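Written below as structure tokens is the structure these notes are about.
Please read these numbers as outputs of a predicted model, since none were measured by experiment. The first residue of the sequence shown is numbered 1, and numbering continues consecutively from there.
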Amino acid sequence: MQTPTYAHTYLAGAGLRLPTNWLDYTILAIYFVVVLGIGLAARRSVRTSLDFFLSGRSLPAWITGLAFISANLAATEILGMAANSAQYGAYTVHWYWIGAIPAMVFLGLVMMPFYYGSKVRSVPEFLLLRFDKAAHLLSSILFAFAAILIAGVNLYALAIVVEALLGWPQWVAIVVAGAFVLAYITLGGLSSAIYNEVLQFFVILAALIPITILGLRKVGGWGGLTHKLAETHGHDFTTAWGGTGIGSSNPLGANWLTIVLGLGFVLSFGYWTTNFAEVQRALSAKNLSAGQRTPLIAAYPKIFIVFLVMIPGLVAAALVPGIGTSASGLQYNDAIPYLMQELLPNGVLGIAVTGLLAAFMAGMAANVSSFNTVFTNDIWAKYVVRGREDAYYVRFGRWITVIGVCASVGTAFLASSFSNIMAYLQTLFSFFNVPMFVVFIIGMFWKRASVKSGFWGLLAGTATAMVNYFVLYKKGIISIPSDQGANFVSAIAGFVAGAVVMVLVSLFTEPKPAQELQGLVYGTRSPGMSEPPAPGDDAWYRRPALLGWGAVVLAAACYIPFSF
């Protein structure tokens, strides 16, 4: 294949364009036909609103587990984490081993019994049971808004690849990509999204593995890569903890304390335990045991996927001097498309393009399907049009999906203004997921938390995180070296503010009666939390505790080679 150098490809406004041919387009077309076929097949199983929004709670753990991780394999994972690695280096491993695995295990072992046992259809609905309508409505609105913003990020990332593949203007790529995702989500609801996500998981791996292997070969293996990056970026660029001492400087602009607290606890637990785009997959499992195992099964591939997204970013940083600057003509977000153009032969290129499109569609579909569930069940059915027949809400769910995709098209253009979409996503998480997490964690572990404290804690946490980012950081009142460092600080500030306000409000308002807290607070149980395991679910290798602690130990062991 033709392998143009970045010099003549990116200078003079030539733009990024992949050298695709008929073989690549054939592979892509086959994939599109299969995806739409899955949507049409899933449509036949949609008879009730529970079928449309939660797949009738009938799916086995291995299906929901793969869908759980695939829903996260989106812009955050592919372009975003590769961009993160090109900009910050091997510090990217923190987003996986400390910034995901502990929270995923906590979700499976501790929180899923409350979610699944209470039979809620969404994460905000749990707040309605634990607190009051004010907390429920505010959380529903914030989540719906965040879901549209994050869906827009995935749609923008998808448009980058379509633009590189076909040379279409970015706005055309955004509109066409959005229409395709709309088609299969509207047809089959959550079942269509989940079964496509399982397919997409394997297609994504088929795309990333060749890029990683050929990228390493291009720079002389791992030794050649680390040597080159040490010369151009310093030794700390290829270590996990180098330069993270308090008062030290590093590319990430964060020390070990803000990494552990801001990313490892607040942002991580806020995202994985309260983000309904992920939790929805676990709620669709066939029983409580399968629901618990869903994030635990997903944790194992999550441990190793970091290598498939971090290494391409490091390779791009080694091959393109000054990536992310105007001199190179490349944004950090272009790391993966650049390597595809430089390294992949036709056929393999078609698989890689298909994998990237699959990743972004999985991420967008996850957020759109969670948006239509929350908007229909938690806003429309509870506060606008109540008491209608079930078929009405299925129809409304399909219409609100159309509106959600159209809104995502608009927010995709907002995402295009960020050179590192991972930084943008982390900003959104610090605003929306972290405050919701503090409300959940206090409400779930403190019986005295009053019904009014949920609303005020959520409001205070969201407002504080936004003030820290837009006022204190952006206006230079406090000095933080990078956007990612600012996100960590915003997350910590939002968490602390939400917690303090919840405690203060609880001390001056009435708690919920003890009999209404069964199955909603740690130490209490509801009938749904006591169901016996299904035949075979009690096998030792399926026990949630064993799966969870095994993932934690394996993730901790992975840090050893990157600690020096």
Side-chain angles (χ1 to χ4, degrees), residues 69 72-73 76-77 80-109 208 212 215-216 221-223 225-227 229-230 233-273 295-315 317 422 426 429 482 484-485 487-488 491-492 545-564:
I69 193 62
N72 180 249
L73 276 171
T76 311
E77 201 81 3
M81 282 301 181
N84 219 45
S85 302
Q87 184 172 4
Y88 302 121
Y91 295 112
T92 297
V93 298
H94 296 308
W95 272 265
Y96 292 76
W97 300 336
I98 196 173
I101 302 305
M104 294 169 75
V105 171
F106 185 81
L107 171 64
L109 297 185
L208 292 177
T212 303
L216 278 175
W222 180 253
L225 176 62
T226 54
H227 177 72
L229 290 175
H233 294 76
H235 174 71
D236 291 342
F237 199 76
T238 55
T239 66
W241 297 105
T244 61
I246 295 177
S248 302
S249 61
N250 59 69
L252 188 58
N255 57 51
W256 67 267
L257 184 61
T258 54
I259 291 172
V260 172
L261 291 181
L263 174 62
F265 176 60
V266 180
L267 273 171
S268 169
F269 278 68
Y271 174 80
W272 291 102
T273 65
L296 304 178
I297 290 171
Y300 285 88
K302 182 71 175 178
I303 293 171
F304 299 104
I305 285 170
V306 60
F307 298 110
L308 301 182
V309 293
M310 178 183 72
I311 290 174
L314 296 178
V315 170
M422 184 61 201
Q426 293 291 312
F429 296 155
S482 69
Q484 288 288 22
N487 292 333
F488 297 163
I492 294 171
L546 184 62
L547 286 171
W549 287 111
V552 170
V553 171
L554 186 57
C558 288
Y559 264 117
I560 296 174
F562 288 89
S563 297
F564 306 100

Throw together a table of side-chain donor-acceptor distances under 3.5 angstrom for residues 296-304, partners on residues two or more places apart or in other chains.
unit_1 : atom_1 : unit_2 : atom_2 : d
Tyr300 : OH     : Leu547 : O      : 2.7
Tyr300 : OH     : Ala551 : N      : 3.2
Lys302 : NZ     : Asn72  : OD1    : 2.7
Lys302 : NZ     : Glu77  : OE1    : 3.1
Lys302 : NZ     : Glu77  : OE2    : 3.3

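Counting only distance, with no hydrogens or angles, the side chain of His94 and the backbone of Ala240 share a donor-acceptor pair below 3.5 Å.
Side-chain contact of His233 with Tyr88: a donor-acceptor pair under 3.5 Å is absent, judged by distance alone.
Residues Trp95 and Val306 fail the side-chain proximity criterion, which asks for heavy atoms closer than 4.5 Å. When side chains are defined from C-beta on, Met81 counts as touching Tyr96, because their heavy atoms get closer than 4.5 Å. Side-chain contact between Val105 and Trp549 is absent, with no heavy atoms from C-beta onward closer than 4.5 Å.
Taken from OG1 in Thr92 to CD1 in Ile311, the straight-line distance is 11.0 Å, to the nearest 0.5 Å. Note that the CZ atom of Phe429 and the CG atom of Asn487 stand 10.5 Å from one another [nearest 0.5 Å]. Put simply, CG on Leu107 and OH on Tyr271 are 11.5 Å apart, with the number rounded to the nearest 0.5 Å. Rounding to the nearest 0.5 angstrom, the gap separating the CG atom in Asn84 from the CE atom in Met310 is 11.5 Å.
Shortest non-hydrogen contact noted between Thr238 and Phe562 is O-CD2, 4.2 Å. Contact detail for Pro312 and Phe307: the closest heavy-atom pair is CD-O, 3.9 Å. The shortest non-hydrogen separation linking Leu225 to Leu314 is CD1-O, 3.7 Å. Between Val315 and Leu216 the shortest heavy-atom distance is CG2-N, 4.2 Å. Scanning both residues, Val266 and Ile492, for their nearest heavy atoms gives CG1-N, 4.3 Å. Looking at every heavy atom in both residues, Ala317 comes nearest to Ala86 through CB-O, 3.8 Å.
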Evaluate Asp236 against Tyr91 for side-chain contact (heavy atoms from CB on, under 4.5 Å), listing each step before the verdict. CA-CA 9 Å; Asp236 291 342; Tyr91 295 112; 3.6 Å; yes
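A search for ring pair (Phe, Tyr, Trp, His ring centres under 6.0 Å) contacts involving Phe269 returns Phe106, Phe265, Phe437, not counting sequence neighbours.
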